[in-house]
Amino acid sequence: MPTCVPTHTADPNRPERAHPPHSPPHGPPPDRPRRLRIAGADLSAAVAVFLIALPLSLGIALATGAPLQAGLVAAAVGGIVAGRIGGCPLQVSGPAAGLTVVTADLIQQYGWRTTCAITVLAGLAQIGLGCLRVARGALAVSPAIVHGMLAGIGVTIAVAQVHIVLGGTPQSSVPDNLRALPAQLANVDPAAVAVSVLTLTLLLLWPKLPGRAGRLLRMVPAALVAVAGATATAAAAGLVLAEVDLPSWRSHALAGLPEGPVLGLVAAVLTTTLVCSVQSLLGAVAVDKLVARRPGSGHVPRSDLDRELLGQGTANIASGCLGGLPVAGVAVRSSANVRAGAVSRNSTMLHGALVVVAALLMVPVLEFIPLASLAALVMAVGIQMVSLHHIRTVTRHREALVYAVTAVGVVFAGVLEGVTLGIAVAVGVALHRLTHTRITHEVREEVHHVDVRGQLTFLAVPRLSRALHLVPQGATGVVALDGSFMDHAAYEALQDWQNTHTARGGAVEITGRRPGAGVRLAEPAALISSPTTEGTDETGVPSGAGCHCRPWTAWRNHQCELPLSAPDDDRSDHDNRVTGGPSTTSSTSGSSGTGVTHEAGDAAGRQGGHYGRPSRPGTEDGPSDMDTDTGTDTDTGPGTGSASPTGSVSGAGGPKASRTGTDLVRGLSTFQRSTAPLVRGELARLAREGQRPTQLFLTCADSRLVTSMITSSGPGDLFVVRNVGNLVPPPGEESGDDSVAAALEYAVEVLAVRSITVCGHSGCGAMQALLDPRPDGTPSARTPLERWLRHGLPSLKRVRDGSGPGVRLAGRTPADTAEQLCLTNVVQQLEHLRAHASVARALKEGLLTLHGVYFHVGEAQAYLLIETAAERVFDRVRAEDLAL
């Protein structure tokens with residue numbers, strides 16, 4: 001549809017526009033000044049972030065040993081300058097806990113004024129990095145190193161603040177703080193401990209307040225409540241404690257010329273630049289993820305990381321010149337900003353302005369805050385930086401050593417030293433993984449298994465060759481490759497052995513967990529190019545001859561085959577069937593297919609998909625898809641064979657029937673060997689909890705419709721009903737088959753599914769059978785299939801009579817009458833669904849939604865039904881549909 005449609009005739013007397021059509025005027029009207037508009041969501045988010053930032057900024061300044069005003073300066077500059085210039089609109093910058101250790105070391109070694117100068121130089125370095133556009137390169141740092149660095153900083157912060165919580169003074173390093181801790185415990189200040197315990201208690205319990213009143217109270221940040229509550233209690237009880245001391249702004253220390261050894265200053269600038277940049281860039285990426293999960297966030301632009309570096313560098317220059325702490329993106333404030341509903345950078349800038357107002361007008365109030373309360377707040381932040389989630393993640397990815405070395409290095413040596421150690425260990429681990437390969441040989445049930453774990457390079461060829469030669473001549477060998485890389489030397493060694501072994505009467509099967517693995521080929525699956533050898537497996541089926549099948553699903557166990565013997569005139573028909581094209585044979589009796597139908601087993605074997613994400617809270621899925629097959633499965637292969645009126649299935653036939661038993665055994669064997677170990681734990685959980693699917697998916701029995709593939713689902717997600725023609729008999733219909741009605745009642749009443757989908761597809765044999773007249777012209781239905789297809793007659797009548805709203809495909813007209821009938825049948829079966837009592841009742845109560853889907857097999861394209869009063873349109877899934 002055009003974006004501009006004139007709605008009036010041109011007026012020659014009308015003056016010309018002063019600006020292009022559909023663009024704003026060049027300036028505001030002369031009689032009305034331009035106003036700055038701030039969305040209400042930005043205003044409320046700014047207040048929420050300000051209430052969090054105020055106590056944290058003071059606490060971080062206290063932990064570093066800097067003047068307390070420096071924390072407020074950094075918070076204000078981070079909000080206003082970085083918020084205005086930075087490339088991540090919703091990231092909130094300011095003094096960060098991750099910079100506490102670095103800044104504290106600099107202040108102790110060089111003094112406050114030199115530390116401010118180092119902050120300025122670090123800002124200049126960040127601007128240089130931003131101009132060089134190397135921001136993406138910072139993301140190459142292993143997450144284990146970043147998490148380890150933050151954990152080490154968190155431990156350092158927590159150990160130092162324990163002394164203030166107990167009423168003492170922290171030492172310069174973690175070892176010194178640990179050595180002084182026994183003496184500090186012997187001289188505890190009860191008042192400081194009481195205020196600290198109260199602060200931690202409020203900080204812990206406030207987010208857990210129950211009930212409706214709790215939801216309202218939780219809108220106030222826990223950090224503010226904890227500090228305010230402790231301050232009020234200390235004042236009411238008359239406790240004598242060290243309190244916040246904010247000297248006059250007239251005596252505030254600004255940056256001075258850096259003094260100290262050149263190499264030391266360079267190392268300090270590099271350390272500050274590294275920590276500020278990495279933390280800010282990772283924070284920007286995290287904010288993008290938070291925004292993407294928030295509904296209605298499409299208008300918030302993604303982060304420009306190079307611009308973010310420029311903004312952070314400018315903010316550090318301003319903060320250092322004004323006597324503030326180093327500035328970086330802060331995860332706590334940024335996540336609070338996103339959750340509060342901020343929509344633009346105005347929230348970040350307004351929060352900075354509020355900090356300025358507080359720093360100028362709230363000094364008498366801030367000076368009542370006990371230092372022990374701020375220390376307890378910062379100690380809690382430090383403890384939270386040691387994230388158990390991060391530890392589990394790095395352990396799962398076998399990077400716990402990198403995490404631990406980095407954390408220990410930061411605690412006992414310093415941030416720069418710890419990060420350097422972490423990088424060295426990460427490189428060593430990567431080299432070890434690349435060069436270390438575990439190759440084992442064992443005999444199970446007279447089958448020799450050679451398992452290769454790791455990357456298969458030339459370094460592993462000698463060990464691979466020794467293991468392969470342990471397989472006797474004429475025996476069956478299975479080579480399982482568990483790795484993502486195979487170089488040319490290893491490939492040739494494996495290929496040569498396979499050719500020799502099969503030539504001497506042996507059988508070889510190469511499996512693995514990479515794309516293409518699990519297919520019987522004469523070449524290793526990782527390096528398939530074109531078949532070069534011909535071998536025969538134990539079933540007498542060519543193991544690789546003429547096979548050009550590439551894995552096309554995420555399950556990676558698709559098997560393709562050529563007919564054992566096919567005449568030349570049938571070869572083109574086979575090619576069409578393999579590629580999903582239309583069959584050229586229309587009357588050959590039999591069935592067509594390419595092997596195993598991918599349903600529950602395929603879904604279970606998927607990697608990096610269903611099992612890589614956590615189960616949805618409250619909607620854990622039950623066991624695998626439950627299929628209720630009604631009628632007979634007409635389309636058993638990728639062709640477009642159709643069910644004839646006599647109940648036969650037309651399509652390409654051949655010697656496929658003799659292979660079905662072999663395919664079944666091979667598929668079961670592959671599942672038990674390769675897939676079952678991966679999914680056993682998940683399926684055990686689903687078996688314990690029972691099935692709780694959220695969707696009922698009613699589709700055709702055609703083998704080309706893999707429900708788990710086209711819906712990206714797995715075991716427990718879908719309650720599947722499959723029958724010939726995806727038909728829903730109306731209630732009360734004398735069909736002699738209540739299976740569909742029973743499945744509907746069970747899904748809606750017992751399983752309480754939230755949606756029902758009717759999915760039709762192109763080339764449906766049932767629809768073609770409805771269009772084809774009976775050869776003998778008799779009107780009666782004599783076979784079970786013919787009686788079943790009578791439920792599709794309303795769809796056929798709707799097409800021929802043109803009754804009801806029109807049904808069409810968006811973007812093109814249906815290819816023929818058969819496709820029009822396939823589309824109309826989905827709409828008609830949805831009407832049959834609404835007539836069932838259980839469905840009608842759930843729809844009326846708003847507990848259920850109905851969807852129609854049309855899947856075009858040849859295009860591999862799913863179309864979603866959009867219903868209006870005038871017509872029914874099947875359109876491609878668009879971004880706005882994701883909110884459904």
Side-chain angles (χ1 to χ4, degrees), residues 51-75 94-97 99-101 103-104 107-108 112 154 156-172 176-177 180-181 183-185 187-204 221-249 251-253 324-325 355 358-359 362-384:
L51 295 177
I52 296 174
L54 189 62
L56 281 178
S57 299
L58 292 173
I60 291 172
L62 173 67
T64 60
L68 296 184
Q69 295 104 320
L72 300 178
V73 171
L99 295 165
T100 302
V101 175
T103 309
I107 293 174
Q108 183 177 6
W112 172 241
T156 305
I157 293 173
V159 172
Q161 298 310 300
V162 166
H163 288 271
I164 302 179
V165 166
L166 297 176
T169 303
Q171 304 299 315
S172 58
D176 292 340
N177 281 318
L181 190 58
Q184 185 63 60
L185 290 173
N187 297 279
V188 171
D189 184 351
V193 173
V195 170
S196 300
V197 170
L198 177 60
T199 302
L200 293 174
T201 302
L202 290 174
L203 198 63
L204 179 65
L224 179 66
V225 172
V227 174
T231 302
T233 303
L239 299 178
V240 179
L241 293 167
E243 297 175 339
V244 168
D245 182 16
L246 291 174
S248 171
W249 286 101
S251 60
H252 179 63
L325 292 170
V355 172
M362 295 179 59
V363 172
V365 177
L366 297 178
E367 289 183 337
F368 282 103
I369 300 176
L371 294 182
S373 178
L374 290 179
L377 175 64
V378 177
M379 184 180 70
V381 173
I383 294 174
Q384 291 173 358

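In this chain, residues are counted from 1 in sequence order. For the numbers below, each heavy atom of this structure counts, side chains included, while hydrogens, waters and symmetry mates do not.
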Rounded to the nearest 0.5 Å, what separates atom [atom1] in [X] from atom [atom2] in [Y]?
X	Y	atom1	atom2	result
I369	E243	CD1	CD	9.5 Å
I107	L325	CD1	CG	6.5 Å
L68	L366	CG	CG	9.5 Å

List the residues meeting side-chain contact (heavy atoms from CB on, under 4.5 Å) with [X], not counting sequence neighbours, and say none if there are none.
X	value
L166	V162, L181, Q184, L185, V188, V193
A235	none
L239	A191, V195, A234, A237, L241
A228	none

Residue pairs meeting side-chain hydrogen bond (donor to acceptor under 3.5 Å, both in side chains), one or both in residues 231-241, sequence neighbours left out, come to none
Closest approach of [X] to [Y] (non-hydrogen atoms, all atoms of both residues):
X	Y	result
I383	A158	CG1-CB, 4.0 Å
A380	L203	CB-CD2, 3.4 Å
P95	G71	CG-O, 3.7 Å
Q161	V378	CG-CG1, 4.1 Å
L202	G229	CD1-CA, 4.0 Å

Evaluate the criterion side-chain contact (heavy atoms from CB on, under 4.5 Å) for residue pair V381 and I157; output intermediate values, then yes/no. CA-CA 8 Å; V381 173; I157 293 173; over 6 Å; no
By side-chain hydrogen bond (donor to acceptor under 3.5 Å, both in side chains), T199 pairs with (sequence neighbours left out) S373
Mind running side-chain contact (heavy atoms from CB on, under 4.5 Å) on I52 and L224 for me, showing each step along the way?
-> CA-CA 6 Å; I52 296 174; L224 179 66; over 6 Å; no
With T103 as partner, the option from V101, L99, T100 fulfilling side-chain contact (heavy atoms from CB on, under 4.5 Å) is L99
Pair M379-I164, side-chain contact (heavy atoms from CB on, under 4.5 Å): steps then yes or no: CA-CA 10 Å; M379 184 180 70; I164 302 179; over 6 Å; no
In residues 53-66, what donor-acceptor pairs under 3.5 Å come from side-chain atoms, sequence neighbours left out?
unit_1, atom_1, unit_2, atom_2, d
S57, OG, A53, O, 2.7
T64, OG1, I60, O, 3.3
T64, OG1, A61, O, 2.9
T64, OG1, A66, N, 3.3

